[in-house]
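Written below as structure tokens is the structure these notes are about.
In what follows, chains carry the letters A, B, and so on, assigned in the order in which the sequence lines appear, proteins first and then strands, with residues in each chain numbered from 1.
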2 protein chains.
Amino acid sequence: MTIAEVARKYDLTADTLRYYERIGLIPKVNRTNGGIRDYSDEDCRWIEFIKCMRGAGLPIEALIEYVNLFQMGNATLEDRKALLIEQRDILENRIREMQKTLKRLNEKIKRYEELIVPIEDELR
Amino acid sequence: MTIAEVARKYDLTADTLRYYERIGLIPKVNRTNGGIRDYSDEDCRWIEFIKCMRGAGLPIEALIEYVNLFQMGNATLEDRKALLIEQRDILENRIREMQKTLKRLNEKIKRYEELIVPIEDELR
DNA sequence: ATATATATTGGAGTTAGCTCTAAGTCAAGA
DNA sequence: TCTTGACTTAGAGCTAACTCCAATATATAT
């Protein structure tokens, strides 16, 4: 697959894909004779994974580290697991915080509803 | 309260508090004769609210708009409610996405556990 | 063979959200 | 009064994460 096809498929720009590769957020992609990137299925799976993790706010730093460990082979299984657990815990906390804020927002909205209806009644 | 006290109280820097005020993310704070900020209880409530909303990722832009509408009085009640609902919906979606990613991370961690244990068994 | 579209690189530019600096002002204790 | 430390401003600087640009090379369609 060409970079344009992959960009379309995952709704990322070609620039972002090249950037991700440059900083090591995805492994190096194979090239054609002419030097043009030819994305494999595995490349695509990496991209999809990284996009998902980034979408949840995992820092690029941690993901680069994960890719690095992955490329070092089986000796890094424990480290990779530890990294994922650490990020999982952070994510869990962030979700909890956000749920509290969501609740607060909902209460605030309800107060606006209770406040606005009487004002509208008055205008009749 | 002085800026240092408020900063300590909400775990923000004095710089951040001045920045928030400068860009209109919190209403203007009253000053002493000497020109030094003297935060009221209402100022503190704004700060706490803004900090909470920022923590959940609501964009500064939207929060500035909310503060602006608030300062325009009761004519903007509907607009403020609409703004909060819009941000609430965005937040809800983000939480859902993050929960999906959390689930995926947990599954990945489980696979690492299943993978690592047999390898350790082999080493005995 | 040629025009058009797409790809390449290195490096500069952008945006959000702070964070720091310099040069000065204000306030509280000895 | 003097000193020390906290406060003020305008504006520069910083970091993360892209995003764009220019100059050039490759691929595709006619």
Side-chain N or O of [X] closer than 4.0 Å to phosphate OP1/OP2 of [N]:
{"X": "B:Thr32", "N": "C:dC26", "answer": "no"}
{"X": "B:Tyr20", "N": "C:dC18", "answer": "yes"}
{"X": "A:Arg18", "N": "C:dT8", "answer": "yes"}
{"X": "B:Arg31", "N": "D:dT9", "answer": "yes"}
{"X": "B:Arg37", "N": "D:dT8", "answer": "yes"}
{"X": "A:Thr13", "N": "D:dC18", "answer": "no"}
{"X": "B:Thr2", "N": "D:dC7", "answer": "yes"}

Interatomic distance, [X] [atom1] vs [N] [atom2] [rounded to whole Å]:
{"X": "B:Tyr19", "N": "C:dT21", "atom1": "OH", "atom2": "P", "value": "19 Å"}
{"X": "B:Glu21", "N": "D:dA10", "atom1": "CD", "atom2": "P", "value": "11 Å"}
{"X": "A:Leu63", "N": "D:dC18", "atom1": "CG", "atom2": "C1'", "value": "15 Å"}
{"X": "A:Ile23", "N": "D:dT15", "atom1": "CD1", "atom2": "P", "value": "16 Å"}
{"X": "B:Glu61", "N": "C:dC18", "atom1": "CD", "atom2": "P", "value": "13 Å"}
{"X": "A:Leu12", "N": "D:dT19", "atom1": "CG", "atom2": "C1'", "value": "13 Å"}
{"X": "B:Ile64", "N": "C:dT15", "atom1": "CD1", "atom2": "C1'", "value": "14 Å"}
{"X": "A:Glu5", "N": "D:dA27", "atom1": "CD", "atom2": "C1'", "value": "13 Å"}

Distance-only criterion, 3.5 Å: show the donor-acceptor pairs between side-chain atoms of residues 82-93 of chain A and protein atoms not counting sequence neighbours.
from    : atom 1 : to       : atom 2 : distance (Å)
A:Arg88 : NH1    : B:Asn106 : OD1    : 2.5
A:Asn93 : OD1    : A:Arg96  : NH2    : 2.8
A:Asn93 : ND2    : A:Asp89  : O      : 3.4

Verify whether one side chain among B:Arg80 and B:Tyr66 offers a donor that lies under 3.5 Å from an acceptor in the other. no

Closest-nucleotide mapping onto DNA chain D: is B:Ile36 or A:Arg54 further toward the 5' terminus? I mean the 5' end. B:Ile36

From the set D:dC18, C:dA7, C:dA27, return the single nucleotide nearest to any side-chain atom of A:Ile60. D:dC18

Given that A:Arg22 and B:Gly34 both sit by DNA chain C, which one's nearest nucleotide is further toward the 5' end? A:Arg22

Candidate pair A:Tyr39 and A:Trp46, rule ring pair (Phe, Tyr, Trp, His ring centres under 6.0 Å), full reasoning: CA-CA 10 Å; A:Tyr39 290 81; A:Trp46 270 112; over 10 Å; no

Any N or O donor-acceptor pair under 3.5 Å from the base of D:dC20 to the side chain of A:Asp15? yes

Base, sugar-phosphate or nothing for B:Ile3? Non-hydrogen atoms, less than 4.0 Å. sugar-phosphate

A:Thr16: what forms a side-chain hydrogen bond (donor to acceptor under 3.5 Å, both in side chains) with it, not counting sequence neighbours? A:Thr13

Main-chain N/O of B:Lys108 paired to B:Arg104 side chain as donor or acceptor, under 3.5 Å: no

